[in-house]
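Only heavy atoms go into these numbers, but all of them, side chains included; no hydrogens, no water, no symmetry mates. Every number for a ligand or one of its atoms is a count from 1 in the order of the listing.
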Amino acid sequence: MALAEETIPAGEAQLISLLRQKIVDTRPDGKRDAHQKALGLVKANFTVLHGLSDELKVGLFADPPGNYRAWIRFSNATAQDDDIPDARGMAIKVLGVPGEKIIEHEKNEETHDFVLVSHNVFIGANVREFAIIADKKEKEELPEFLREDPRLAAIFTATLRKFKNLLGTDYHSTTPYLFGDGRAVKYLVRRQNDSIELQENEADLTSALKANLEQHGHVLDFMIQFQKDEDTMPIEDASVAWSEDESPFIKVAEIEIFAQDIDNDKRRALANTISYTPWHCLPEHRPLGGINRARKVIYEAVSIARHDELGEPREEPTSDDFDAIP
Ligand code: HEM
């Protein structure tokens, strides 16, 4: 096996198809299946660093270094109240990115998404394991199942946490992405250590975010971690963290979330209708591994279904619309 190489298990496509149908059918009308509860949609700048070494100048990070607008949607992984242990999502939609994108019928869109979560590994190594977990959850047998699987139980415990605010935590891709030919990376976003103390509100993360953006902007580092070993840093197992000792994260861009008021109806409406998928991207950054192959089909199916149910058009935001939303 080579670096960045995928291995598709027999029967995976059928399993993804079953999972897609089940997820589309069992969702509340007009809603996402996962990450339904938006905690805030924020405006940001996504700036590629100047002076990157040649091996880092790939796709979105190629010369000349871009400075883009971006919409970032924070969410709870479930629809539960904020003070219940959960994973939190950070989905970044970079706008105005030139170049043909991967999804055939959206190839001329100018959006490039990074979909991240507040833990470094995913609950479910691959599609088969994810499907088993979803099934146990539906039958309300998950606690017994986890008691017999200490590896998965440990991932659940580490993933489902309470948070006091949304800016003081790291966000990870958990799954790998191509970084040009024959190279794979994972993504990490981390707030720069600075002197601004963060406001906290465990029971209302939206209020904490609003308070944190009232007076100050915040700068976050966007980083990549290269796969260095096919066995210890697998492509097909999203439940394994890649060692930072073997391969430290490298900063390639900066995200500036500037001071702003996030509390308005247009923002809330866009937070509901916007569609993120890791497949909104340039081919140089193609999502890798079984969990990402499943997401290609499932995110689009759910997005189409919820827009149909709401009678809303499915449109990618553009840089031109950006300033029209307060
Ligand atoms: C097979 C595994 C997975 C399935 C079936 C799944 C399913 C979904 C679905 C159906 C949505 C809503 C899509 C939409 O209607 O726009 C979603 C959103 C999301 N997922 Fe996943 N997901 C999976 C894996 C992951 C992984 C590995 C991550 C880790 C980063 C993740 C993070 C997110 C986030 C942050 C959102 C919210 C995006 C937004 O703000 O709109 N998911 N997921």
Side-chain angles (χ1 to χ4, degrees), residues 12-13 15-42 70-79 86-93 103 111 113-135 137-138 155 159 166 169-177 186-189 235-241 267-268 270-280 287-310 312 314-317:
E12 188 189 81
L15 192 55
I16 291 175
S17 202
L18 288 172
L19 208 51
R20 183 204 58 200
Q21 202 52 50
K22 196 165 168 186
I23 289 175
V24 168
D25 291 347
T26 53
R27 238 172 357 104
D29 234 28
K31 303 250 189 217
R32 288 166 175 77
D33 168 65
H35 294 267
Q36 252 173 54
K37 185 171 180 190
L39 299 172
L41 184 71
V42 307
W71 282 117
I72 301 180
R73 181 180 184 269
F74 289 98
S75 57
N76 285 346
T78 63
D86 200 352
R88 319 292 154 171
M90 178 194 208
I92 307 166
K93 189 175 286 293
I103 300 175
T111 48
D113 298 357
F114 297 102
V115 184
L116 313 172
V117 77
S118 53
H119 191 49
N120 63 347
V121 294
F122 185 57
I123 41 169
N126 49 40
V127 183
R128 183 157 302 279
E129 189 169 68
F130 180 81
I132 294 171
I133 293 169
D135 183 57
K137 207 167 167 187
E138 194 188 331
I155 296 176
T159 303
L166 292 162
T169 193
D170 290 354
Y171 292 90
H172 304 259
S173 65
T174 73
T175 53
Y177 293 80
K186 289 191 181 185
Y187 304 129
L188 167 68
V189 168
I235 296 294
E236 296 296 343
D237 187 341
S239 70
V240 173
R267 291 269 188 124
R268 276 186 285 273
L270 183 58
N272 192 27
T273 54
I274 197 166
S275 299
Y276 290 89
T277 165
W279 289 84
H280 278 147
L288 298 173
I291 293 292
N292 275 337
R293 290 190 291 275
R295 294 165 91 192
K296 181 173 196 185
V297 177
I298 296 169
Y299 283 44
E300 184 172 74
V302 170
S303 168
I304 291 173
R306 62 186 175 87
H307 284 83
D308 280 355
E309 289 153 1
L310 295 172
E312 292 278 353
R314 238 183 121 243
E315 286 166 351
E316 281 299 282

Which atoms of ligand 1 sit under 4.0 Å from any heavy atom of [X]?
{"X": "Ser303", "value": "15 (O)"}
{"X": "Val117", "value": "29 (C), 30 (C)"}
{"X": "Ala34", "value": "8 (C), 12 (C), 17 (C), 43 (N)"}
{"X": "Thr174", "value": "27 (C), 29 (C)"}
{"X": "Ile23", "value": "5 (C)"}
{"X": "Gly89", "value": "35 (C)"}

Run His172 and Leu188 through side-chain contact (heavy atoms from CB on, under 4.5 Å) and show every step you take.
CA-CA 5 Å; His172 304 259; Leu188 167 68; 3.5 Å; yes
Counting only heavy atoms, which portion of Val115 has something under 4.0 Å from ligand 1: side chain, backbone, both, or neither?
both
Location of contacts on Ser173 toward ligand 1, heavy atoms closer than 4.0 Å
backbone
Could you tell me the separation between the [atom1] atom of [X] and the [atom2] atom of [Y], rounded to the nearest 0.5 Å?
{"X": "Ser275", "Y": "Arg306", "atom1": "OG", "atom2": "CZ", "result": "4.5 Å"}
{"X": "Leu19", "Y": "Phe130", "atom1": "CG", "atom2": "CZ", "result": "6.0 Å"}
{"X": "Ile155", "Y": "His119", "atom1": "CD1", "atom2": "NE2", "result": "7.0 Å"}

Would you say the ring centroid of Tyr177 lies under 6.0 angstrom from that of Phe114?
no
Hey, is ligand 1 close enough to [X] that some N/O pair sits below 3.5 Å?
{"X": "Arg32", "answer": "yes"}
{"X": "Arg306", "answer": "yes"}
{"X": "Tyr299", "answer": "yes"}

Would you indicate which of Arg295, Lys296, Glu129 comes nearest to atom 32 (C) of ligand 1 when only heavy atoms are counted?
Arg295
Which is closest to atom 34 (C) of ligand 1 by heavy-atom distance: Lys93, His35, Arg20?
His35
Taking every heavy atom of Gly30 against every heavy atom of Glu309, the minimum-distance pair comes out as N-OE1, 2.5 Å
Looking at every heavy atom in both Ile291 and Val127, which two are closest together, and how far apart are they?
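Nearest heavy atoms, Ile291 then Val127: CD1-N, 4.0 Å.
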To which protein heavy atom is [atom] closest, and what is the distance rounded to 0.1 Å?
{"atom": "atom 5 (C) of ligand 1", "answer": "Phe130 CE2, 3.6 Å"}
{"atom": "atom 35 (C) of ligand 1", "answer": "Leu116 O, 3.3 Å"}
{"atom": "atom 40 (O) of ligand 1", "answer": "Arg73 NH1, 2.7 Å"}
{"atom": "atom 38 (C) of ligand 1", "answer": "Ala91 CB, 3.9 Å"}
{"atom": "atom 10 (C) of ligand 1", "answer": "Val302 CG2, 3.6 Å"}

Would you sort out whether Ser75 and Arg32 count as a side-chain contact (heavy atoms from CB on, under 4.5 Å), showing the intermediate values?
CA-CA 11 Å; Ser75 57; Arg32 288 166 175 77; over 6 Å; no
Determine, for Glu300 against Arg20, whether the closest basic-nitrogen to carboxylate-oxygen distance falls under 4.0 angstrom.
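No salt bridge links Glu300 with Arg20.
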Donor-acceptor contact below 3.5 Å, side chain Trp71 vs main chain Ala271:
no
Ser239 and Asp237: side-chain hydrogen bond (donor to acceptor under 3.5 Å, both in side chains), yes or no, with the steps?
CA-CA 5 Å; Ser239 70; Asp237 187 341; 2.6 Å; yes
